[in-house]
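Presented below is the structure to which this report refers.
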Amino acid sequence: MLGRAAQHIAALKRFSKPFFRGHYLVVTNTVSCGILLGAADIIRQSMERRQKPTKKWDPGRTAHMFITGCSMGPLLHYWYFWIDKIALGKQPKSIKTVIIKVVIDQTFAPCFACWYFMGMGLLQGHSVSENWNEFRRKFWDYYLAELSLWPAAQMINFLFLRPKYRVLFVNVVTLGWNVYLSYLKHRDEGE
């Protein structure tokens with residue numbers, strides 16, 4: 001039984017290997033961002049529908065989350081390679097280097113949040129000024145939650161993972177985070 005599982009894992013590893021090389025890596029990162037942001041919205045809408053059984057699932061909202069996620073994929077892909085380049089010292093896995101990377105990442109986190117709120121808002125037909133006002137109104141809720149999760153997650157990411165797996169790791173952690181983002185983005189709609 002264990003031998004068979006090992007064979008399946010080895011086959012999966014052989015199958016997935018090309019997706020983590022060269023130009024396929026940016027595609028893998030982009031598609032995984034979109035899928036996981038969309039999946040998080042499906043989870044969030046399921047939670048909302050349990051609270052209000054009369055509420056219908058909004059496929060457009062999920063599509064907007066998917067598109068916004070795909071738009072963030074290339075940005076995140078190159079972001080992590082850039083962080084590695086500028087913070088690369090003689091000891092890339094040293095605690096000092098990892099802390100520098102986390103601080104850089106957290107310094108620019110509001111930019112990614114702004115991208116999310118702007119992208120989602122534009123897809124929903126809102127103006128740039130409406131999106132900016134929403135971002136400002138929800139910023140501290142977002143950023144305090146960001147600080148409670150991402151520094152620890154990024155410590156693990158930068159300390160233990162090879163660069164080509166960083167966006168995928170972030171995407172997996174992001175599944176739960178994106179459920180929160182979906183809640184934060186859409187919480188005013190039900191009021």
Side-chain angles (χ1 to χ4, degrees), residues 12 15-21 23-81 105 108-128 130-132 134-135 137-139 141-146 148-150 153-154 156-157 161 163-191:
L12 180 63
F15 171 77
S16 66
K17 201 172 195 175
F19 296 107
F20 291 94
R21 288 191 182 159
H23 66 277
Y24 290 117
L25 182 57
V26 71
V27 173
T28 299
N29 289 336
T30 299
V31 172
S32 63
C33 278
I35 288 171
L36 289 169
L37 203 60
D41 186 65
I42 291 170
I43 292 167
R44 180 64 206 158
Q45 286 195 56
S46 296
M47 294 165 69
E48 291 169 6
R49 290 173 62 210
R50 268 189 238 122
Q51 293 170 344
K52 291 183 182 176
T54 58
K55 185 172 180 163
K56 295 193 184 279
W57 178 61
D58 181 355
R61 176 176 141 178
T62 302
H64 295 155
M65 293 283 281
F66 172 78
I67 292 166
T68 301
C70 286
S71 76
M72 294 178 86
L75 181 67
L76 291 171
H77 172 83
Y78 292 108
W79 172 250
Y80 288 112
F81 282 106
D105 187 65
F108 287 92
C111 297
F112 297 120
C114 186
W115 183 286
Y116 170 77
F117 280 99
M118 286 292 179
M120 284 295 296
L122 290 172
L123 289 169
Q124 293 171 330
H126 303 294
S127 70
V128 171
E130 289 172 314
N131 298 332
W132 178 250
E134 179 186 24
F135 172 66
R137 198 172 58 251
K138 297 177 178 178
F139 175 77
D141 290 338
Y142 159 82
Y143 200 55
L144 292 174
E146 163 93 23
S148 70
L149 171 67
W150 286 108
Q154 293 295 45
I156 293 166
N157 194 7
L161 297 175
K164 66 182 181 179
Y165 297 119
R166 292 211 172 117
V167 174
L168 184 62
F169 171 80
V170 165
N171 285 342
V172 171
V173 174
T174 293
L175 183 59
W177 173 249
N178 288 343
V179 171
Y180 171 73
L181 281 183
S182 181
Y183 157 76
L184 186 61
K185 172 71 180 131
H186 301 101
R187 74 177 173 197
D188 299 338
E189 292 173 6
E191 296 172 3

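Predicted model only: the values in this text are computed from it and were never measured. As a basis for the values below, the full set of heavy atoms in this structure was taken, side chains included, without hydrogen atoms, waters or symmetry mates.
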No-hydrogen, no-angle side-chain donor-acceptor test under 3.5 Å, Arg61 and Ser182: yes

Closer than 3.5 angstrom, by distance alone: can the side chain of Ser71 be matched with the main-chain N or O of Thr68 as a donor-acceptor pair? yes

Do Leu76 and Arg166 have side chains that approach each other closer than 4.5 Å (heavy atoms only, starting at C-beta)? no

Side-chain contact, heavy-atom cut-off 4.5 Å: Tyr180 with Leu149? no

With a 4.5 Å limit on heavy-atom distance, are the side chains of Thr30 and His77 in contact? no

Given the rule in the side chain to side chain contact (heavy atoms under 4.5 Å, CB included) test, do Trp115 and Leu75 qualify, once you have shown the distances and angles that lead to the verdict? CA-CA 10 Å; Trp115 183 286; Leu75 181 67; 4.0 Å; yes

Is there a side-chain contact between Phe135 and Met118, using heavy atoms and a 4.5 Å cut-off? no

Within 6.0 angstrom of Phe169 CZ, more than 12 heavy atoms from elsewhere: yes

Less than 4.5 Å apart, side chain to side chain, heavy atoms only: is that true for Met47 and Tyr183? no

Considering the options Lys55, Arg187, Lys56, which one meets the salt bridge (Lys or Arg N to Asp or Glu O under 4.0 Å) requirement together with Glu48? Lys55

OH (Tyr143) with more than 12 external heavy atoms under 6.0 Å: yes

Are the aromatic ring centres of Trp79 and Phe112 under 6.0 angstrom apart? yes

Would you call His126 and Phe117 a side-chain contact if the rule is heavy atoms closer than 4.5 Å? no

Just by distance, with hydrogens left out, do Asn157 and Gln154 show a side-chain donor and acceptor under 3.5 Å apart? yes

